[in-house]
Amino acid sequence: MVMKALAITDHVNMFGVFKFVAEAGKHNVKPIVGCEFYVVEDRHKKQFTKDKKISDITNFYWQNAEGYKNW
């Protein structure tokens, strides 16, 4: 089986993306990069209660450099 594209999702940062994109290019595979982010209602809030959860998590993926720049 030949993979035409492959995706990576880093957690909170994108440090793994650089090596991933370089290696994918060597093997003629289209890299799709993504990152998992925490989403909070108020980023300045320092304390949370049991009733209010700290955050939600969402994933963003970029199909190409233009999509990343538009984010």
Side-chain angles (χ1 to χ4, degrees):
M1 176 168 27
V2 176
M3 297 294 241
K4 295 181 181 182
L6 193 61
I8 185 175
T9 305
D10 266 353
H11 177 72
V12 186
N13 64 58
M14 295 179 68
F15 297 133
V17 168
F18 303 106
K19 185 174 181 180
F20 173 76
V21 170
E23 287 297 317
K26 291 178 188 176
H27 300 281
N28 202 26
V29 173
K30 179 179 179 171
I32 300 171
V33 299
C35 192
E36 181 179 69
F37 292 101
Y38 291 101
V39 180
V40 297
E41 190 174 312
D42 180 1
R43 68 186 178 106
H44 299 290
K45 190 171 183 176
K46 301 293 182 197
Q47 292 182 329
F48 297 91
T49 64
K50 290 181 182 179
D51 298 335
K52 275 286 214 186
K53 57 183 177 173
I54 295 173
S55 66
D56 289 313
I57 298 174
T58 191
N59 293 313
F60 290 94
Y61 291 93
W62 300 280
Q63 195 169 22
N64 53 36
E66 182 180 352
Y68 177 76
K69 289 176 187 175
N70 287 334
W71 177 68

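Minimum interatomic distance between Y61 and I8 (heavy atoms only, all atoms of both residues): CE2-O, 4.1 Å. When all heavy atoms of A5 and I32 are compared, the closest pair comes out as CB-CD1, 4.1 Å. A7 and F20 get closest at one heavy-atom pair: C-CZ, 3.8 Å.
Rounding to the nearest 0.5 angstrom, the gap separating the CD atom in E36 from the CG atom in D10 is 10.0 Å. Here the CE-CZ distance, from M14 to F37, works out to 6.5 Å after rounding to the nearest 0.5 Å.
Under the 4.0 Å criterion applied to side-chain N and carboxylate O atoms, K26 and E23 are assigned as salt-bridge partners.
Within a 6.0 Å sphere centred on CG of N28, heavy atoms belonging to other residues, nucleotides or ligands number 12 at most.
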